[in-house]
Each structure stands twice: as structure tokens, then as C-alpha cells.
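Down below is the structure, laid out as C-alpha cells.
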Amino acid sequence: MSRMSIPANARAPEGLIADMKAMKTGDAAWREGRTWSMVYYGGDAHHDAVMRGSNLFFDDNALNPMAFKSLKKMESQVVQMTASMLNGPESCAGVMTSGGTESILMAVKAARDRARSKKPWIRRPEIVAPETLHVAFDKACHYFGLRARYTAVDQNGQAVVADLEKAIGRNTVLVGASAPQYVTGTVDPIPEIGAIAQRKGIPFHVDACFGGFILPWLERVGVDLPTFDFRVPGVTSMSADVHKYGFAPKGSSVVLYRDMSYLRHQFYVCTDWPGGIYISPSMQGTRSGASIAAAWAALMAMGQDGYVERAREAMQIADRLRAGISSITGLSVRGLPHSTIVTYGSDDEAVSLYAVADQLEASGWSVDRQQNPPTIHMTVNTTNGPIVDEYLGDLRAAVETVRANPALAKEGGAAIYGLMSKVPVKGLVKQSVLKVMEQMYAPGAEDVDLESAAEDDSWTGRLLERYGDQVLDVVDRVRRRLPGRRGR
Ligand SMILES: Cc1ncc(COP(=O)(O)O)c(C=O)c1O
């Protein structure tokens, strides 16, 4: 293996930029609208303004707010604008983070530490939430030593409030719900959950990482939504990502609390480090000035009218997709149609959704596969507008191909995803996925080929080879008798 070293001599910028452009050629074709989620593009003029503003702070560091007062001011203004958009009270306080995951990590950590000071008898802190809550909460529990209790959702993907209420116990330090959840784009019944949380005196976080910068505008153009923000009295914290529908580049989100009595538990202070007294509002130490400046520039450059227009347009595209998918025999749209996430599944045993996904990929679409049950997920943006008809045409053809060739359900990606999602012993799946990760991050590993990595992996390969259909069928039958739960 020849390991790469830093070039001995400086390279001229022209050459290295040319190399970098060449490296991009195999990446997701989001500009052509063939990718869902990942990139939220506010248009060329917006992009230019944000980049120019952000570049002014390219080298600056928000670690020390005394040194870069401009960044402190911009962060505070981004937080104020987000709080105002989400109808936070005047007391609403928060910080900017690097993204949705960090905002969620912070909300969970703050809830844990608040409980430590107010309910010191809690030894095993828990969060209670519908099973569709974003996996970042699971990660937070994993990192910070909490347990997650997940409760059922109904056929629309909305939290079953009675189940959630029953799951709240003496160890509950936080209730969580989504506006909307990622899986089907459904907004949980926030007012009902808020009333329970308030009655029981438990903090309630609404994850609006996805929806924070679009639901307010969808509501304004008349989309029928549950009240999802600080207008609900029981809501004590929220997360909203500027790097999604706020149209800022990656690296910015806001975590907000109803007042400082919650936020203070997020802060970290060390008073006896030889390097001096150290304070930190969030996970990071050094913080990118460019990200804060970009978020500020994005909000200013877009304005409420710009957000409303983009939200309206993205929703029209999502509605066209929903209507088109519903007209294809064998497929149906999941979740409530009140957001710009479009999720669909198959209702027909003769149409393996994972095989449909393989066909779409072969036609050059990027596909987000989900599990339990198998669905395909699309986050819709204005960039997807021009390709709606082409996508629906390819999808219709993919369904016909799969229906005519049942063997496709047992080949390629369909076989692997099918097996992974059906194996009831999740520990085995986890071991297998960890092995794939080890391959991805092995010294010198530069390319990623998940499917062949999974095929190479010993147990998946052996299981597929030896048992194939039988395993899937037996597991399927067992599964139908088990209550639905998030396996982890
Ligand atoms: C509802 C929801 N919460 C949290 C996140 C995590 O955000 P990030 O990927 O920025 O960490 C996402 C990402 O898609 C999301 O959709």
C-alpha cells in the first residue's frame, strides 16, 4: 500500500483546483435534481450572496466571543430571528451549533443535566418519544448514558399520544417529538404531547431540524398543520437547521430553549485548567466564523418573502410527486401530505420495493431506502421541479419491470437490504454493518462500495448463499406475529 503524503512542494492553485473539480465528477447530481435531500439550494443569486458574506469571515473563530464581536452579534441575531420565526417568547434563548445532530445532542445533554440538579435521585435517565424520532436522539442517549423508550406511531406516522403518556415514568427527563419526522414527513401531535409534558412537569423537545425553516412558511400559505412550535406552552426546547431549508451551507443549526433556566444546563465551564478558565456553549471548541456568517447572510438574503416562495414551490412539487406515485398501481404514499418529505411503499407482494429502488438507481436516480416497512424517502426541493415527470416515468417503468421479473427481489441491493431489514437479531446486523464501516475507514480506503462490502461480509454472504429465500420467508412469518418496534 502506498500511503499518500503531503506534497513535498507547494502546488499552484490552478492545478489543485482542476484536480478537485475532476474528483467531483462522480458525486451526486443534485444540480440536475436527481438527488433528494443532501443539498438545499436557494438559487444562484442567493448562493453568491451567502458565499461572499461567509468568505469575509473565512478564517475567523467564534471560540472567543470577545475576540470576534461581530460573530457573537451575528450568532445572537440568527438565534433571535429563529426564535421569532418559531414564536418563542421574549425569554427564548439559544445557541448556534454545527448541525441538527449537535443541536439534538445538546438538548438531550441539557435535559439530563437539568434533571441531575432538580431530580438527583434519578439514576437511569430516560427520554420518551415516538419511534420515528430522529436517530440523533439515539446517538445522544448512547453518548450521554441515557435510555430511550420509543412508543408507537399510527398508520399516518403520528405519535400515539396515549402510548407516549403511558411510557413516561419517574426516570423520564425529556419527552421528544418531531415537526416533522424524517421517515414520512408527518408532524407529531405537538399540542397534545405538550399538554401531557406540561402536566407532568417534564421538558419537551420538538425536533424541527427539518421543518423549522419551512413549516412556518407552509403554514402561512395555508397548509393544514398541527401547531408545532413554542405557541404550545409545554414545548421547552426546539432545534431548527439553517443548513436545510434555511438555505445556508452545511454547518449551521439553532437550538432554542424557552428560557435560560433550561439553556444553562447546556453550558460547559472548567475553572481549573492550566490553560485558563474555559467556557463552551456547545460541543465544539473552535467554531467556524464562516458558518455563523453564512447563516446570518442566508436569513438576510432570503427574507421571509423568499422563504415563503421557495416553500410554496417545493410543496407544489411534492404534491405533484405524491399524486403521480399514488396513481401507480402497487405503490402508495405514506404519512400525512403536509410537508415536503414524500415517502412511498409497496402494497403489492409482487412489487419488491427494494428491487424498484435498484431499478431507479440503474436509471441514475439517487435513492434513500428505509426499513420496517421498506419505503423510499424523498426530501423535495425546488431543484427537483424540472424532473418530476421523468422520475414518475422511470418509477412506473421500474415497477413494471419488477412485477414482470420476480427474481429481481432476490438480487443485488434488493437481496441485501431485504435481508438486513428482516433479520430479527439486530446484533448480527450491527456486527455486519460495523465490519463494513471498518472497511470504509481502513487505512488508505478511499472509495466506498457498500453493496460489495456487504456482499463480502462473511455472515451476510453466508446467510444469503446458504439460506436465501428460506431465511427471508421464515423471518417474515415470525415478524408478522411480533409487535412493531424499533430494533436496537
Ligand atoms: C428531523 C431531523 N432531525 C435531525 C436531523 C439531523 O440533522 P443533521 O444531519 O444536520 O445532523 C435530521 C436530518 O435529516 C432530520 O431530518
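Just so we're clear, the structure is a prediction, and the values are computed from it rather than from any experiment. Numbers for residues simply follow the sequence, beginning at 1. Order of appearance sets the numbers: ligands from 1, and atoms from 1 within every ligand.
For Ser253, the closest heavy-atom approach to ligand 1 does not fall below 4.0 Å. At least one heavy atom of His243 sits closer than 4.0 Å to an atom of ligand 1.
Remark: Arg310 fails to qualify as a cation-pi partner of Tyr245 under the 6.0 Å distance and 45° angle criteria applied to the six-membered ring.
Protein heavy atom at the shortest distance from atom 16 (O) of ligand 1 is Tyr182 CD1, 3.4 Å. At the top of the distance list for atom 11 (O) of ligand 1, counting protein heavy atoms only, stands Thr101 OG1, 2.5 Å. The shortest contact between atom 6 (C) of ligand 1 and any protein heavy atom is with His134 CE1, 3.5 Å.
Looking at Ala136 against ligand 1, nothing comes within 4.0 Å, counting heavy atoms.
Atoms of ligand 1 found under 4.0 Å from any heavy atom of Gly100, numbered from 1 in the order shown, are 7 (O), 8 (P), 10 (O), 11 (O). Below 4.0 Å from some heavy atom of Pro180 lie the following atoms of ligand 1, by number and element: 1 (C). Each of the atoms 1 (C), 16 (O) of ligand 1 lies under 4.0 Å from some heavy atom of Phe210.
The two residues Leu146 and Arg112 make their nearest non-hydrogen contact at CD1-CD, 3.9 Å. A pairwise comparison of heavy atoms in Ile202 and Thr172 identifies CD1-O, 3.5 Å as the closest pair. Taking every heavy atom of both residues into account, Ser252 and Pro249 meet most closely at OG-O, 4.0 Å.
Between the choices Lys244, Met38, Gln181, the shortest heavy-atom distance to atom 7 (O) of ligand 1 belongs to Lys244. For atom 2 (C) of ligand 1, the nearest non-hydrogen atom from the set Asp207, Val135, Asp241 belongs to Asp207.
Ring planes of Phe213 and Tyr307: tilted class, angle from 30 to 60°. Classification of the Tyr182-His377 ring pair by plane angle, with boundaries at 30° and 60°, yields parallel.
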| query | Are Asp138 and Tyr150 close enough, and set up right, to give a side-chain hydrogen bond (donor to acceptor under 3.5 Å, both in side chains), and what steps lead you there? | reply | CA-CA 10 Å; Asp138 225 53; Tyr150 293 112; 2.3 Å; yes

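In this structure Arg334 satisfies the salt bridge (charged side-chain N to carboxylate O under 4.0 Å, His left out) test together with Asp347, sequence neighbours excluded.
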